[in-house]
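First listed ligand is number 1; within each ligand, the first listed atom is number 1.
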Amino acid sequence: MEQLEQAILEIKKTLPGMTLLENEPMSEHSSFRIGGPVRALAVPGDVTSVSRICHILKEHKLAPMLVGNCTNILFPDEGLPELFLISTEKLQKLFLLPDGAIYAEAGVSLSKLASFAQANGLAGLEFASGIPGTVGGGLRMNAGAYGGEMKDVVESVVYYYLPEQTLYEIPKDNCKFAYRSSVFQTAAGFAILSAVFRLPEGNRDEIAAKMRELNERRRDKQPLDLPSAGSAFKRPEGHYAAALIDEAGLKGFAVGGAQVSEKHAGFVVNKGGATSHDVHELMMQVRRIVHEKFQVALEPEIILLPPDYKLEDNGPAIRLNHVTVTDMSGMTDRET
Ligand SMILES: Cc1cc2nc3c(=O)[nH]c(=O)nc-3n(C[C@H](O)[C@H](O)[C@H](O)COP(=O)(O)OP(=O)(O)OC[C@H]3O[C@@H](n4cnc5c(N)ncnc54)[C@H](O)[C@@H]3O)c2cc1C
């Protein structure tokens with residue numbers, strides 16, 4: 001704690017003009033509209049400042065957690081007084097490289113990236129135009145929809161690796177992309193700064209029409225009028241989480257202000273005033289009932305913070321899809 005306070009003072013001195021929100025309630029930032037305060041939320045204006053913050057935190061044996069649009073995270077009501085977040089909100093560089101590939105910084109939204117590709121007659125990012133996250137969050141999660149995934153379109157990723165305090169550029173083959181997973185989830189300390197996307201040429205009108213069609217499908221099927229963090233559970237092998245939850249009769253099932261969406265059983269929505277405890281409890285009940293009925297273990301797709309939070313239930317052991325990012329003392333070497 002003392003280390004964190006010292007690091008914050010040093011960061012303020014080193015980057016005096018930077019926005020640094022202290023004890024910031026995450027309900028203001030998360031798409032779920034849930035979450036108490038984190039100790040600090042820094043909004044650096046460029047990638048060099050991200051590296052400088054990481055460097056100072058590392059000197060104090062700490063690591064930050066990078067966030068994009070917070071559309072896949074559930075922050076706890078009681079807050080995280082030891083967490084230092086870095087938002088990529090201001091990392092917005094987006095341009096065409098001389099060889100026709102797209103360069104995008106981590107904070108660029110996936111919808112903006114998809115529109116930029118369309119405007120330049122480049123196809124393949126249509127699937128991403130309705131995903132409300134950023135390039136950084138999308139790459140870490142290998143976000144996908146309607147048959148497309150980030151792994152299909154990215155060529156290389158630049159990241160700052162905290163343990164070595166070094167910038168790396170790695171080709172997509174080293175990113176270990178898999179269903180909603182990447183190398184950036186396997187260890188703490190990856191700060192994705194930018195990426196290059198290589199796409200085939202396409203017809204602008206056809207690309208725009210495809211984007212419109214997919215976004216209409218999304219509006220028809222998903223509860224976009226209510227706060228959520230997207231699909232609550234990953235797709236279990238051989239099944240669809242939403243279909244299992246629906247068949248278990250759980251559409252509309254609620255705990256406090258959290259509810260299994262009546263429109264799409266794969267979504268947990270905040271009907272108003274939901275707490276993180278409501279969401280945890282609801283997800284736990286859904287897992288238990290689905291397991292009892294179908295012997296299928298649902299794994300959360302939403303990142304449940306704090307990372308060591310355990311869902312205490314009688315179902316199968318749960319593996320949280322997040323690694324701790326505040327204590328670097330036991331960190332192992334980079335795998336890439
Ligand atoms: C209505 C709705 C619909 C959705 N639909 C889809 C969908 O169709 N497909 C899909 O895959 N997802 C979907 N999602 C979930 C979410 O939008 C995606 O997972 C998205 O990629 C998350 O991006 P983000 O910027 O919001 O990341 P955040 O939620 O901010 O962060 C997610 C994770 O990535 C990490 N992270 C973020 N930025 C960086 C960075 N620069 N460097 C290192 N780590 C970083 C964070 O630490 C966190 O662990 C949906 C969510 C909502 C609310």
Heavy atom under 4.0 Å from ligand 1: found in [X]'s side chain, backbone, both, or neither?
X: F184; answer: neither
X: Q185; answer: neither
X: L224; answer: side chain

Atoms of ligand 1, numbered as shown, that sit under 4.0 Å from any heavy atom of [X]:
X: R180; value: 11 (O)
X: A106; value: 41 (N)
X: A145; value: 8 (O)
X: T88; value: 41 (N)
X: M65; value: 47 (O)
X: I303; value: 32 (C), 33 (C), 48 (C), 49 (O)
X: A229; value: 51 (C), 52 (C), 53 (C)

Is there a donor-acceptor pair closer than 3.5 Å between any side-chain N or O of [X] and the backbone N or O of [Y]?
X: N270; Y: F32; value: yes
X: K293; Y: A248; value: no
X: K172; Y: K151; value: yes
X: N174; Y: P171; value: no
X: Q259; Y: A254; value: no

Would you list the pairs meeting salt bridge (Lys or Arg N to Asp or Glu O under 4.0 Å) in which at least one residue belongs to residues 215-230, sequence neighbours left out?
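Every pair satisfying salt bridge (Lys or Arg N to Asp or Glu O under 4.0 Å) with a residue in residues 215-230: E213-R217.
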Quick one: which of [options] has a heavy atom closest to [atom]?
atom: atom 9 (N) of ligand 1; options: P64, G133, G144, G189; answer: G144
atom: atom 41 (N) of ligand 1; options: L214, L226, I192; answer: I192
atom: atom 45 (C) of ligand 1; options: V157, D225, L66, V135; answer: L66
atom: atom 52 (C) of ligand 1; options: G266, S30, G230; answer: G230
atom: atom 27 (O) of ligand 1; options: G137, S109, G130; answer: G137
atom: atom 6 (C) of ligand 1; options: R218, M141, E89; answer: R218

Kindly check if the number of other-residue, nucleotide or ligand heavy atoms within 6.0 Å of OH (Y240) is above 12?
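For Y240, atom OH is not crowded (no more than 12 foreign heavy atoms under 6.0 Å).
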Does NZ belonging to K210 count more than 12 external heavy atoms closer than 6.0 Å?
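Not buried by this count: 12 neighbours or fewer within 6.0 Å.
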Within-cut-off N or O pair, [X] and ligand 1, under 3.5 Å:
X: E301; result: no
X: G68; result: yes
X: T134; result: yes
X: N69; result: yes

Do the charged groups of E22 and K12 touch, with an N to O distance under 4.0 Å?
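So E22 pairs with K12 through a salt bridge.
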Nearest heavy-atom neighbours spanning [X] and [Y]:
X: M18; Y: V43; answer: CG-O, 3.6 Å
X: P236; Y: A297; answer: CB-O, 4.3 Å
X: S276; Y: I34; answer: N-CG2, 3.5 Å

Close aromatic pair by centroid cut-off 6.0 Å: Y146 and F127
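Distance test on ring centres: not under 6.0 Å, no.
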Quick one: does E149 get within less than 4.0 Å of ligand 1, heavy atoms only?
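For ligand 1, residue contact (heavy atoms, under 4.0 Å) with E149 is absent.
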